[in-house]
Asker: 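Sharing a structure below in structure tokens format, with a few things to ask.
The structure presented is a predicted model; accordingly, all values stated were derived computationally and were not measured. Throughout, a chain's letter reflects where its sequence line sits, starting with A, and its residues are numbered from 1.
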Number of protein chains: 4
Amino acid sequence: MAEQVDRRQALIRAAFAAIADQGFEGFRLRPIAAAAGIDHSTLHHYFRTKEDLIAAVLEHVTSQLEGTMQADLEPARRLRRHLGAVATAIVERPELFIVLDELDLRARRDATMAANIRQDEQGWRAALVALFEEGIERGTWSVDVDASVELVIATLKGLRLRPDTAEVVVKQLCDLYSRGAPE
Amino acid sequence: MAEQVDRRQALIRAAFAAIADQGFEGFRLRPIAAAAGIDHSTLHHYFRTKEDLIAAVLEHVTSQLEGTMQADLEPARRLRRHLGAVATAIVERPELFIVLDELDLRARRDATMAANIRQDEQGWRAALVALFEEGIERGTWSVDVDASVELVIATLKGLRLRPDTAEVVVKQLCDLYSRGAPE
Amino acid sequence: MAEQVDRRQALIRAAFAAIADQGFEGFRLRPIAAAAGIDHSTLHHYFRTKEDLIAAVLEHVTSQLEGTMQADLEPARRLRRHLGAVATAIVERPELFIVLDELDLRARRDATMAANIRQDEQGWRAALVALFEEGIERGTWSVDVDASVELVIATLKGLRLRPDTAEVVVKQLCDLYSRGAPE
Amino acid sequence: MAEQVDRRQALIRAAFAAIADQGFEGFRLRPIAAAAGIDHSTLHHYFRTKEDLIAAVLEHVTSQLEGTMQADLEPARRLRRHLGAVATAIVERPELFIVLDELDLRARRDATMAANIRQDEQGWRAALVALFEEGIERGTWSVDVDASVELVIATLKGLRLRPDTAEVVVKQLCDLYSRGAPE
DNA sequence: TATGAATGAGCCTTCATTCAT
DNA sequence: GATGAATGAAGGCTCATTCAT
């Protein structure tokens, strides 16, 4: 039983790593099975199809990207912390975001994938909405909530492919939102 | 003579369209050739390898994305116009940006592609640097030049996958940069 | 289990036959697979590449050409017997030698093949060296050992393409070496 | 007109060189045309098909291998001179013999080629027959004529793939035939 | 004579998947 | 659960040849 779980995890991790550094174009099942130490036909006992494995990779990725928003801080600081946390994650674990990008692109052709991703994003989006609404309520900012939420999301997504600029960009975005709202 | 150019262009356009709606993972030469009305082996007469064709697609894409920056306007307005123009392009011709994203991702495994893309981006980056430097000189903004440049680029890249939010995000970014510098 | 060996052997035999009567210029994998009764893609299950299959053919050929030298006879008779055995083989199984010739030619462009062939030949050459050395020691012949060895080899190789003359040529060579050393 | 002849010759020479170092397996028309400085489709103006070009190569090769037998010498010396001349040719222009070997092998599948080669060989064979008959008549040797002829031919053909042993082998063959017939 | 375009057959190889063991 | 064998579809690419110009 533990065997099963381990093997499954090993396959997911191997798949994740493969996508991270080869993309979907070169993504083949045989090497994944080999990396997990099993025959390629055995892989199908764990994941019926290639798509099933990919779905599991998405789950794996999003499960690692939760909880970067602390509810108790006041809005400006919360935003700063959140952006900082994501920037740090982009710098420290860029593969996570690379794979997300691959999955995002893939979602355009795969409805199930699109649904899953959208769903995962809803949590993030809701937290940002709450953040900006609170900020406006308190008088910290006078901005459009939805627009700000999408700006933050777009910026962070745009950073995926350029981890080296993450820190500086995030700082700039914070500064723009900090005018009149010093820490 | 005209035939040649047409066929070549037809192949590039077909390849572009295929990448736009299938990505590089289902990207196969035979359907491209078929779409251009020629035998798949004839395609190799125009493009020796698949990579050569892809390179031509990149060229095609970037050639369509030039000239969205007017040099004569004052900085704040120039930024607003530029962001607006890109947002419009994203909305009106989202495939252009989708393909760019696919190419961006591909660049991670293909050095030549990476070099080409980086080079194309340099023009854009330089124009943004000039814009922010002028703005600072004139007292329009007091921001970090490089950080602002990267923020704009990251944001716009992040928008590629969400054309529907482009307008609103761009407006928000403009507003953030417009404080104290009304049109 | 037996199936495996059979299929593998069937492929080797089919490949051997194809090379024997078509040479390497028309040598294609599809017909080989068909001759063995399997799909052409299954062939790759047994031999990863075309080269691997060819290497197996070489092995098959050389394994059939061993043991034509009896160690216990006195030199002149041993030579006569050996030449006779090879001549008989050339007459009775000319394909074996035809394929060897094809492989010899191929060895000029394929280092691995060259090494394998050279190695197989060393056994033969060593036996001939021993034969002539013993003959000289006993006073049967007064000839140059190396030159005689190479003469025998060159003659036999030259016969590959003319099985019809094998017997007569071998007899003549024996006669030349028999002067003063009648049976 | 001279152009034509030159081009034709250039093509033949290029084809010869290609066969000499790649064999027929890798023998392609495009590189031949390129080596002669013309488009690959233009080659078909000089040689209608690939086979026609190959036939021309055979002609070219055999035209270079004539006249190694001097009619006026006495038999033993004539044989020695002839073998020496061929050995020298093998050492100095091994490509000629390599290509001959390729053609010999090819003759097994190509009746026209076989006929041409057989015809070319008849001249050589006739000269050898005359040589041995004269030697027997004069009492130089008491050997079988046909067998000796074939032995010489087989030996020399067997040397094609081992130019390095040519000299030593030829000397040994001469010595065998020289017993009782010193120079 | 020379060429570029075009063809169609074909080649080796790969891959996801299935199935009997 | 695990494996090796097998499949069939496909994929990029090559090649001799033809044809209009």
Asker: Just name whichever nucleotide pairs with dG12(F), Watson-Crick or G-U, keeping both distances under 3.5 Å, else none.
Answerer: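 Its partner is dC11(E) (Watson-Crick or G-U wobble, both distances under 3.5 Å).
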
Asker: Examine the base of dA6(F) for any acceptor or donor lying under 3.5 Å from a partner atom in the side chain of H45(C), and report the outcome as yes or no.
Answerer: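 Side chain to base: no pair below 3.5 Å.
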
Asker: Taking the side chain from R109(B) and the backbone from Q22(A), do they hold a donor-acceptor pair closer than 3.5 Å?
Answerer: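 Yes: the side chain of R109(B) pairs with the backbone of Q22(A).
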
Asker: Donor-acceptor pair under 3.5 Å: do we get one between R28(C)'s side chain and the base of dG10(E)?
Answerer: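 Checked by distance alone, the answer is no.
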
Asker: On DNA chain F, does the nearest nucleotide to T49(D) precede the nearest nucleotide to T49(B) from the 5' side, or the other way round? Give the residue.
Answerer: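 The residue closer to the strand's 5' end, by nearest nucleotide, is T49(B).
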
Asker: According to a strict under-4.0 Å criterion, is Y46(C) in side-chain N/O contact with OP1 or OP2 of dA6(F)?
Answerer: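 Indeed, a polar side-chain atom of Y46(C) lies that close.
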
Asker: Could you tell me the separation between the CG atom of L53(D) and the P atom of dT17(F), rounded to a whole number of Å?
Answerer: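 Answer to the nearest Å: 10 Å.
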
Asker: Quick one: I32(B) CD1 to dA10(F) P, roughly how many Å, whole number?
Answerer: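 Roughly 16 Å, once rounded to whole Å.
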
Asker: Check the distance between dC15(E)'s C1' and K50(A)'s NZ and give it to me in whole angstrom.
Answerer: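 Atom NZ in K50(A) sits about 8 Å away from atom C1' in dC15(E).
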
Asker: Please report the distance, rounded to the nearest Å, between CG in D6(A) and P in dG1(F).
Answerer: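 Atom CG in D6(A) sits about 14 Å away from atom P in dG1(F).
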
Asker: Looking at R162(D) and E121(C), is any side-chain nitrogen of the basic one under 4.0 Å from a carboxylate oxygen of the acidic one?
Answerer: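 R162(D) and E121(C): salt-bridged.
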
Asker: Respond yes when some side-chain nitrogen or oxygen of T42(D) is under 4.0 Å from OP1 or OP2 of dT3(E), and no when none is.
Answerer: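 Answer yes for this pair, as a side-chain N or O of T42(D) is under 4.0 Å from OP1 or OP2.
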
Asker: Can you measure H40(B) atom NE2 to dG10(E) atom P for me and round it to whole angstrom units?
Answerer: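 Distance check: H40(B) NE2 to dG10(E) P gives 12 Å.
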
Asker: If pairing requires Watson-Crick or G-U wobble contacts with both distances under 3.5 Å, which nucleotide is the partner of dT21(E)?
Answerer: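 Here dT21(E) is engaged in a pair, and the nucleotide opposite it is dA2(F).
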
Asker: Heavy-atom count check: over 12 atoms from other residues, nucleotides or ligands less than 6.0 Å from E59(D) CD?
Answerer: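 Incorrect, the count does not exceed 12.
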
Asker: Indicate, with a heavy-atom threshold strictly under 4.0 Å, whether F47(A) touches base, sugar-phosphate, or nothing.
Answerer: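 Contact class for F47(A): none.
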
Asker: To the nearest Å, how far apart are I38(D) CD1 and dG4(E) P?
Answerer: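 After rounding, the gap between these two atoms is 12 Å.
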
Asker: Distance criterion of 3.5 Å, no angle test: do you see the side chain of H44(D) paired donor-to-acceptor with the base of dT18(F)?
Answerer: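 Checked by distance alone, the answer is no.
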
Asker: Which whole-number value in Å describes the distance from R30(D) CZ to dA5(E) P?
Answerer: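 Spelled out: CZ on R30(D) to P on dA5(E) is 12 Å.
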
Asker: Check if the side chain of S41(D) and the base of dG4(E) share a donor-acceptor pair of N or O atoms closer than 3.5 Å.
Answerer: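 Between dG4(E) and S41(D), which were checked side chain against base, a qualifying N/O pair under 3.5 Å is present.
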
Asker: Quickly work out the E51(C) CD to dC12(E) P distance and round it to whole Å.
Answerer: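 It works out to 11 Å between those atoms.
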
Asker: Any salt bridge linking R108(D) with D21(C)? Criterion: basic side-chain nitrogen under 4.0 Å from a carboxylate oxygen.
Answerer: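 Salt bridge absent between R108(D) and D21(C).
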
Asker: For dA5(E), does the base pair up with any side-chain atom of R7(B) as donor and acceptor (N or O, under 3.5 Å, distance only)?
Answerer: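 Side chain to base: no pair below 3.5 Å.
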
Asker: Is it true that E102(A) and R106(B) make a salt bridge, defined as a side-chain N closer than 4.0 Å to a carboxylate O?
Answerer: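 Not counted as a salt bridge, because no side-chain N and carboxylate O are separated by less than 4.0 Å.
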
